[in-house]
There are 2 protein chains.
Amino acid sequence: MEVTESRNIEDVTAPMGGPPVETDTRRRIVHAASTLLQRQGYESASVKLIAGAAKASPSSVYHFFPGGKQELAIEAMRYGAQEFSDLLTAGLSSSPDPAQATAACALLLADTLKESDWADGCPIAVTALETIGRVPGLQQAATEALVHWQELVTAKLESSGIAPAAARSLAGTVIGMLEGAELLSRVSGDDTPLREAAVHLAQLVRATPQV
Amino acid sequence: MEVTESRNIEDVTAPMGGPPVETDTRRRIVHAASTLLQRQGYESASVKLIAGAAKASPSSVYHFFPGGKQELAIEAMRYGAQEFSDLLTAGLSSSPDPAQATAACALLLADTLKESDWADGCPIAVTALETIGRVPGLQQAATEALVHWQELVTAKLESSGIAPAAARSLAGTVIGMLEGAELLSRVSGDDTPLREAAVHLAQLVRATPQV
DNA sequence: TATAGTCTGGATCGAACGTTCCAACCAGAA
DNA sequence: TTCTGGTTGGAACGTTCGATCCAGACTATA
């Protein structure tokens with residue numbers, strides 16, 4: 001309560017305008033929470049487990065996140081969403097051709113997932129699905145992330161001459177395809193679905209008329 | 001295990017056509033478990049909650065499923081997977097044109113989801129994602145369901161002249177697209193992603209060469 | 001050094017978890 | 001009736017959950 005406020009006022013060294021305050025422990029907690037949420041979801045990623053993974057104690061978690069597990073999860077989802085945005089941006093900017101660029105996103109996701117033993121993929125899918133209609137804060141954070149990712153893809157498609165409406169629609173399908181193919185790949189432990197999704201996404205984008 | 005088999009053998013009097021069996025407790029438990037697993041996942045669908053939804057008591061759950069929650073979840077996933085197979089079969093057989101047929105699956109899914117307040121969709125996605133690498137029985141049941149659904153789509157595509165390899169690959173993308181678009185639709189509470197997925201799936205199938 | 005405020009380790013709370021246990025129930029056979 | 005075996009309701013087990021508390025360890029300023 002007052003703890004958070006006074007800390008915000010006095011911590012002049014922290015980055016202005018950014019979200020709360022940046023401590024090493026705090027950052028480790030958010031990072032561990034993000035990883036564990038995407039690995040096993042909201043319910044089975046316990047506060048003690050997260051704290052342990054962050055080499056912190058449960059009291060530190062509640063010190064930095066007075067709102068408890070839900071507040072931590074929301075920030076962890078935002079953190080993970082930003083990381084995923086970076087992955088999308090990297091993929092999208094890897095080629096001027098929008099078809100190759102979207103395919104690159106799928107391939108990049110496949111590589112990242114496989115290299116991390118199917119851990120580092122979409123950071124919000126499990127948590128979001130799990131808490132639909134039951135933890136509004138999480139569902140809203142997930143929706144915002146999905147919208148943002150779709151906007152990234154939309155911008156790329158528009159920039160290569162695809163009409164705005166078609167670009168937005170196609171971008172939704174691209175994000176959906178990535179999410180679905182990732183699900184198949186993670187469950188089956190095989191990156192084939194993501195690699196074939198890359199091919200089909202490229203076909204789909206290539207077939208969309210450019211103005 | 002033996003419990004299930006012996007019951008199936010002896011239970012010749014109950015289910016067939018006669019007067020309404022007052023309590024088929026076991027079936028109600030499986031049905032309730034299937035619904036709750038797809039609504040909120042494995043961890044937060046507690047045994048007591050499932051039993052309550054099935055108008056049964058926890059001891060009944062452990063009577064019919066000595067293997068506990070995991071054994072129940074596996075059977076509930078198989079049950080739900082069969083229901084989803086029926087939905088896919090209905091969609092696929094709605095048109096001789098494979099493009100229209102796959103699109104129909106997405107639209108059928110969109111309708112089913114929306115009418116049920118985003119509850120009755122893919123019965124395994126949440127549970128499968130949540131337990132990857134931690135509950136092998138569930139992961140395997142999920143993989144089997146996904147493979148079976150992919151085979152249903154593959155058969156439809158092959159039957160309309162698409163080469164086997166291309167059909168299999170495309171079918172994987174179809175299932176992935178359905179899963180991903182459902183995720184977007186459920187999280188955002190909007191059936192637009194599924195409806196646009198229908199359009200793009202039809203485009204994709206139509207663009208695949210037939211022999 | 002002393003002081004004040006920030007952070008942390010560990011014990012602890014009540015609630016809920018999966019599971020077990022047992023007495024009661026209910027049908028059909030003797 | 002009595003017996004028997006499958007079924008049920010409810011209490012209770014130990015564990016773990018999210019969350020709280022507090023004494024002490026930090027860190028920075030004086």
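To find a chain, count down the sequence lines: A is the first, B the second, and so on, and within it residues start at 1.
Atom-to-atom, CG of A:L72 to P of D:dC17 comes out at 15 Å; the value is rounded to the nearest Å. For the pair B:E43 CD and C:dA16 P, the computed distance is 17 Å after rounding to whole Å. Atom-to-atom, CD of B:Q70 to P of C:dC17 comes out at 19 Å; the value is rounded to the nearest Å. The CG atom of B:L49 sits 14 Å away from the C1' atom of C:dG18 (whole-angstrom rounding). Put simply, NE2 on B:H63 is 13 Å from C1' on C:dC26, counting in whole angstrom units. Whole-Å rounding puts the B:D24 CG to D:dG6 P distance at 17 Å. Here C:dT6 presents its P atom at 15 Å from CZ of A:R26, a figure rounded to the nearest Å. Protein atom CZ of A:R134 is 13 Å distant from nucleotide atom P of D:dG18, rounded to whole Å.
Expressed to the nearest 0.5 Å, how far OG of A:S185 lies from CD of A:E182 amounts to 8.0 Å. Between A:L129 atom CG and B:Q38 atom CD the span is 11.0 Å, to the nearest 0.5 Å.
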Measure all distances between protein nitrogen or oxygen atoms and nitrogen or oxygen atoms of nucleotides 9-12 of chain C, and list the pairs falling under 3.5 Å.
{"residue": "C:dG9", "atom": "OP2", "partner": "A:S57", "partner atom": "N", "Å": "3.3"}
{"residue": "C:dG9", "atom": "N7", "partner": "A:S57", "partner atom": "OG", "Å": "3.0"}
{"residue": "C:dG9", "atom": "N7", "partner": "A:S59", "partner atom": "OG", "Å": "2.4"}
{"residue": "C:dG9", "atom": "O6", "partner": "A:S59", "partner atom": "OG", "Å": "3.1"}
{"residue": "C:dG10", "atom": "O6", "partner": "A:S59", "partner atom": "OG", "Å": "3.3"}

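Shortest non-hydrogen contact noted between A:S116 and A:R39 is O-NH2, 4.1 Å.
Of the side-chain N and O atoms in B:Y62, one or more sit less than 4.0 angstrom from OP1 or OP2 of C:dT19.
Relative ring orientation between A:W149 and A:F84 is described as tilted, the plane-to-plane angle lying within the 30° to 60° band.
In this structure, A:E43 and A:E130 have side chains that are in contact, with non-hydrogen atoms separated by less than 4.5 Å.
Of the N and O atoms on the side chains of A:T25 and A:T23, not one donor lies less than 3.5 Å from an acceptor on the other residue.
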